[in-house]
Amino acid sequence: MQNNCIIDLFAGCGGMSLGFEIAGYNSVVAVEKDEWASDTYAYNHPNTIIHRGDITQIKNPAATFKEAQGICGIIGGPPCQGFSLSGNRDPKDPRNSLFMDYMRFVESFKPNFFVMENVPGILSAKTRKGESVQDLIKIVASSIGYNIHQMVLNAAHYGVPQSRMRVFFIGIRKDFPFDPSRLVPKEESGFISIADAISDLPVLQAGEGQDDVAYPLKPQNPYQQWCRSRTDMVCNHIAMRHTKRLVERFKCIKWGESLADVPDEHKQRKRGDAQQISGKTYAQNNMRPFPDKPSPTIPASFQSNFVHPFYDRNYTAREGARLQSFPDWYVFQGKRTTMSWEKSLSQYQQIGNAVPPLLAKAIACTIKNYFDNISSCKNVSVDIPAEQMFLNI
């Protein structure tokens, strides 16, 4: 048994792997379909074997990844678009069944534990057959030999400067004691604000910035000092270009306000008719958050969701990465933004889709402590139906 080795499925740009690596684990294999996200993962995890392809085409995981035999854990988050409460959830979305491919890997490798991450919408999601997704996860986990603990965590309670609610399913193999109370990470006291996270970065106005620039200030707090470990330069810190009209609109937006609050002369116009105000205004479109609080959730579209608390522009990729708790040495590959017809994930999308590394670290440390002290864990009986499920649904 490789006591500290794991596989990361649906690895994205590597946020969950990074958190586990900080806690002392070693990501030996990562599976990620997207080209630019896997480029980012490869750049920052040079010792990990990366499979760039469709997980559904990996028919025999253990035979495909012989170097991963004896791993202790599997981590990852199947794509959440089909489960998310934002937008229209489609029960026929094939992405809804990708968690079954995740479970195929668990069954194939039989690690000590697995950690599956998703959005809170998964708690009310249904399969195309009308089954509860969360119940199905528990039933399948039980049928292949795992007890499972489900919890909802807010990243802001674990050193991440962002309020971000996420669901985690932690599976423990049944030949180990199962004590769910020992699987909940201990919350940290206090929180890290947006200003705490990004106030030391180079000052940029719209359209300014370049890669590999020096820090203008010394770190102002322990979080900034941690972010700046292993590097003396800032990458991915280039501000988006904005029209003069858009900058003037941003100037009208105060803390806690958004596009919905600007005067009529600065509201968004209809396409093809600049005299008419667009009827579509969203409360989190171009919102300027309070600098003394943790950020609202950073989504894949955060380049247009937020206005910088102090400057009249959207966030840079590096600022978003700081709010997701990526350190500055972690460099994002691919284009900063993409057009709708481009298939790969932009830097902004990679960052917004990621599991915050420090949240992943909190879970990883908890699991490590669990197994380091397994003899003191009490065994709690679990009432889960024992139906036999086929994993090739």
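What's counted below: heavy atoms across the whole structure, side chains too, no hydrogens, waters or symmetry copies.
- In plain terms, the two heavy atoms of T48 and A30 that are nearest each other are CG2-N, 3.8 Å.
- In terms of the side chain to side chain contact (heavy atoms under 4.5 Å, CB included) criterion, residue partners of D292 (sequence neighbours excluded) are, by chain and number, F290.
- Rounded to the nearest 0.5 angstrom, I192 CD1 and L323 CG are separated by 10.5 Å.
- To the nearest 0.5 angstrom, D200 atom CG is 7.5 Å from D328 atom CG.
- N373 pairs by the side chain to side chain donor-acceptor pair (under 3.5 Å) definition with N369, not counting sequence neighbours.
- For the side chain to side chain donor-acceptor pair (under 3.5 Å) test, no residue two or more places apart in sequence or in another chain qualifies with S189.
- Every residue meeting the side chain to side chain contact (heavy atoms under 4.5 Å, CB included) condition with V184, not counting sequence neighbours, appears here in chain and number order: H149, M151.
- Shown here are the salt bridge (charged side-chain N to carboxylate O under 4.0 Å, His left out) partners of K254, two or more places apart in sequence or in another chain: there are none.
- With sequence neighbours left out, the salt bridge (charged side-chain N to carboxylate O under 4.0 Å, His left out) criterion links D196 to no other residue.
- Salt-bridge formation is not detected for the pair D312/R249: no Lys NZ or Arg NE/NH1/NH2 atom is positioned less than 4.0 Å from an Asp or Glu carboxylate oxygen.
- With respect to K251 and E248, a salt bridge is recorded, a charged nitrogen being found less than 4.0 Å from a carboxylate O.
- Here Y348 and Y315 keep their ring centres 6.0 angstrom or further from each other.
- V213 and W329 end up in the same hydrophobic cluster when Ile, Leu, Val, Met, Phe, Trp and Tyr side chains are linked at under 4.5 Å.
- Between R288 and D261, no side-chain nitrogen of the basic residue sits less than 4.0 Å from a carboxylate oxygen of the acidic one, so the salt-bridge criterion is not met.
- Separation of atoms CG (D175) and NZ (K110) is listed at 11.5 Å; rounding is to 0.5 Å.
- A donor-acceptor contact under 3.5 angstrom links the side chains of S142 and K174, judged on distance only.
- In this view, F332 and F326, Y330 satisfy the ring pair (Phe, Tyr, Trp, His ring centres under 6.0 Å) rule, not counting sequence neighbours.
- More than 12 heavy atoms of other residues, nucleotides or ligands sit less than 6.0 Å from atom NZ of K59.
- Grouping Ile, Leu, Val, Met, Phe, Trp and Tyr residues whose side-chain heavy atoms lie under 4.5 Å apart, directly or via other members, leaves V380 alone, with no other cluster members.
- Every pair passing salt bridge (Lys or Arg N to Asp or Glu O under 4.0 Å) that includes a residue from residues 353-368 is listed here, sequence neighbours excluded: K368-D372.
- Taking T40 as the reference, Q350 meet the side chain to side chain donor-acceptor pair (under 3.5 Å) condition, with sequence neighbours excluded.
- Side-chain contact, D8 with S27: no donor N or O sits under 3.5 Å from an acceptor N or O.
- With sequence neighbours excluded, no residue forms a side chain to side chain donor-acceptor pair (under 3.5 Å) with S344.
- Between the side chain of W255 and the backbone N or O of P309 there is at least one donor-acceptor pair closer than 3.5 Å.
- Ring pair F114/Y102 is perpendicular by interplanar angle, where above 60° counts as perpendicular and below 30° as parallel.
- Residue Y41 shares its hydrophobic cluster (ILVMFWY side chains chained together at separations under 4.5 Å) with I50.
- Between S258 and N285, the shortest heavy-atom contact is CB-O, 3.5 Å.
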